[in-house]
Amino acid sequence: MKRATSVYVIMLIAFGIGLWAIITTGSVFLHAPHDLSGTWVLRQEPASAPEAFRELNIDQSGRFFRISFNGQAHSLSLESSQRTDTGELRIVLRGNSLGAEFRTTPGSYRYDLQTSGALSGRWLAVRKSTAHRQPRAPDATQHASP
Amino acid sequence: MQAHSLILTLLLELALILSVSRFVGWLFGYFRQPQVMGEMVAGIMLGPSVFGLLAPSLAQSLFPPEAVQYLSVLSQIGVIFFLFLVGLELDPKLLRNRGHTALVVSHASIIAPFLLGAALTLYLYPRVFNDAPNMTFTSAALFMGAAMSITAFPVLARILTERNIHKTNVGAIAITCAAVDDVTAWCMLAFVVGVARADGMMPGLLTAGLSVIYVTIMLAVVRPFLRRIEAIFERQGRLSQGVVALVFLLTLLSAYTTELIGIHALFGAFLMGAIMPKGTRFVRTLSEKLEDYTVVLLLPIFFAYTGLRTQIGLLNNTALWFDTLLIILVACLGKFGGSTLAGRVCGLGWPEASTIGILMNTRGLMELVILNIGLQEGVITPAVFAMMVIMALVTTAMTTPILQWVFPSRLPGAVPEKPEPRGFRVLIPVSLPESGPALARLANILSGAAHDATRVLALHLRRPADHEAYRAGLDEADDAGLAPLTPLMAEATKLKLAVEPISFVTSDVAEDIAAVAQARQVDLVLMGFHKPVFTKTILGGVVHRVLSEVQTDVAILVDRGVEDTRRILVPYMGSPHDRLALELASRMAGSMKAEVTVLHIIDPAGNRPRLGAQGAVERVFHDPSQPAPVTFRVVEDPSPVDLVLREAPQFDLLVVGLDEEWGLESRLIGLRPERIAREHTGSLLIVRHYARARQAASSVPPVTAPAPMPRV
């Protein structure tokens, strides 16, 4: 067999095995940070608070976030993401000017959000639209309405 | 936003995009970078990373979300037709019969970066990807692999042709590899999009099955149908609007079908172009009809839209910049390393193998197309998009300078085909074919009595074809070659003058004329005159650069119908260039038995020193083997130019040396020849001496001893 042919065959085999190994390893062992990207509608808790509704946008690239509201953008990064014994998901984001803590239960589209810094308060958060192709939440405004 | 206001905004946006894109593209071309690279950068400059950062409110008002939606649609349509053009340019000949080396290297240049890209996802996935529906690890890894293994075939081919290495073994292998990569990339893209969109095994299998049926129909039904359309074109001899509309319709339907199947509209457009009949006038005419709108207008919109989506500001910490650097390193390692090692294993030397590796690392615009799809499909995050855009720019930008270092460009014709005897060597750069015969006649006259020892090189330099974004320009580089030299060669044959024709693609005409002149050690560069459009001076542009840069004597023929050179006038003011004028006139006189009149002009006020003119004439015309009748006249006149203009109509040719102060902005060839060239109605030869030109400005001592000048 010519040298080039041997190299070619070895290369193809290595490619097949290598790609299989990578995809299997990644799919089994690796998890990307929970997706929070998109436009969110916030309703302040308690509902009688003077500033009842707010909208904010979250750009997320894995552990790195940019939250924009009122024409201001704040950079945050993922501090922790944990599931409690009850299945509740708790995500803490930390930045220089803003902090945020999301809590939700499995299967729910509603999030409890507590913010501090440039925007502080407790909110009921529902995603209005996602940055990705398939929207996950139903009509957000309907559910965020008091 | 109201409809009227929206249209105004959109028109302003398009004007801004077009002008910035053309300007930055030109700027990059000036610095020997691919023009398409400049257009990509222009797009990013218009986005939030530069324009949005510097003038946020202006950027917001120029690119409001309502108008950006329309840009998005235009950009999608632009990319669909662009991919159709890419498919149209795909030459199946490049994919066949290129031997083992090309096959191994091309597949290695896909496999290695694909594997490394997928492996890099193991590190990146928990950091910069989201747990979103389309962003599974499998989708992300396959996409990163595909994006890493892209090569921009047109940009690569353009780099090769511009450096005149496309016909070398290295060039041929690189072109084949890039063509294979091109086809593979769009197939991989269809696969990755199919995997990302498929929700489970059954939909995935359905997509795969439908894709096979679609490709089969395209090959078995649509391709024969296209051959019939081509036959209609051949019969009619023109491309009717009906045929163009039909091809566009088929393209849109093909794109629609693949989008519906789930493997993205772009694949349909590409395949439609790829199955068109190749190497025909039909395809060339069709692509000419389509390319200007697509490449000049729609593609910059795509770049701008990409720029608007590229948020380099997202990379706001060192960790993300480290990831960007890592992506660039892995991209280079995969493409460069894989191709180089495969080339070495197949027996290429290190310089050749690494040249292929460097070329294959060019990603260019194709990478942006794939990245936009990734972002649109939700397979990558905005930060990964920004990192990969930076990687695409860096890997494309680094190609030309590194290639220059590893594999210097070739100058065809720089090395003689066989050892040549040392004789009088003339290089004739020809731009306009119609100027060739006069230059051949003049070269013949200049060869003097030593006709056989004279070596004439005719050089035609071609500008690269436009639209490097999709067109490789390989056919232009091969075919257009020597045709413009045909009139010159015909005249030379008539005169029994041996001429060696040389032609190649250049990005800098003046520089390459100088390079060939130096490599072939020519004694004289003889060229025609081209009046520049934008300057007031009669000689400028390339001619002026040749005068400045060529390290040998130069003569510029301002041909106003010279046929028979029997009477020659040489105004003599004493500059080194005037002495060259004397020498050339002497050669012509020896050859044609022409009568030479040397007009030595003296300032009657005595302000101008006498310049030893008689001695110079005697030295030049002393050659007993070339007896030439020469008349030496000394005339006192306060205005030498007016005198020359009065005398010149009696002569067939005026031979004028440059002024010593030539090259100044206001007088590119000097005040005296400038005015003579502009006002004299006959033919003239403007000459510049190289060796003495250097000394002229500083060290030529004026002849101070005033001696009476007897008439010869």
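Numbered from 1 within each chain, the chains take letters A, B, ... in sequence-line order. Predicted, not measured: the structure shown is a model, and the values here were computed from it.
Your options are B:Ala141, B:Ala108, B:Cys346, and the one with the most heavy-atom pairs under 4.5 Å with chain A is B:Ala108. With chain A as partner, the option from B:Val128, B:Thr138, B:Thr136 having the largest number of non-hydrogen pairs under 4.5 angstrom is B:Val128. Annotation: maximal heavy-atom pairing with chain B below 4.5 Å, among A:Gly18, A:Ser27, A:Ala21, occurs at A:Ser27. The most heavy-atom pairs under 4.5 Å with chain B, out of A:Ser77, A:Ala32, A:Ala73, come from A:Ala32.
Among all heavy-atom pairs drawn from A:Pro33 and B:Tyr125, the shortest one is CD-O, 4.2 Å.
With a 4.5 angstrom heavy-atom cutoff, B:Leu142 touches chain A only via side-chain atoms.
Between B:Arg127 and A:Phe64 the shortest side-chain heavy-atom distance falls below 4.5 Å. The shortest distance between side-chain heavy atoms of A:Asp59 and B:Gln311 falls below 4.5 Å. By the 4.5 Å heavy-atom criterion applied to side chains, A:Ile22 and B:Leu115 are counted as neighbours. For the pair A:Leu19 and B:Phe114, the minimum side-chain heavy-atom distance is below 4.5 Å.
Considering CE of A:Met11 and CD1 of B:Ile110, their distance stands at 9.0 Å, rounded to 0.5 Å. The structure places CZ of B:Phe137 at 9.5 Å from OG1 of A:Thr24, a figure rounded to the nearest 0.5 Å. In this structure, the separation between CG on B:Asp131 and CG on A:Leu30 is 12.0 Å, given to the nearest 0.5 Å.
Within 6.0 Å of CZ in A:Arg83 there are more than 12 heavy atoms belonging to other residues, nucleotides or ligands. Annotation for B:Phe191: atom CZ does not count as buried by contact number, only 12 or fewer foreign heavy atoms lying within 6.0 Å.
Although no hydrogens or angles enter the test, the distance criterion places no donor-acceptor pair under 3.5 Å between the side chain of B:Asn316 and the main chain of A:Ser75. Between the side chain of B:Asn130 and the backbone N or O of A:Gly62 there is at least one donor-acceptor pair closer than 3.5 Å.
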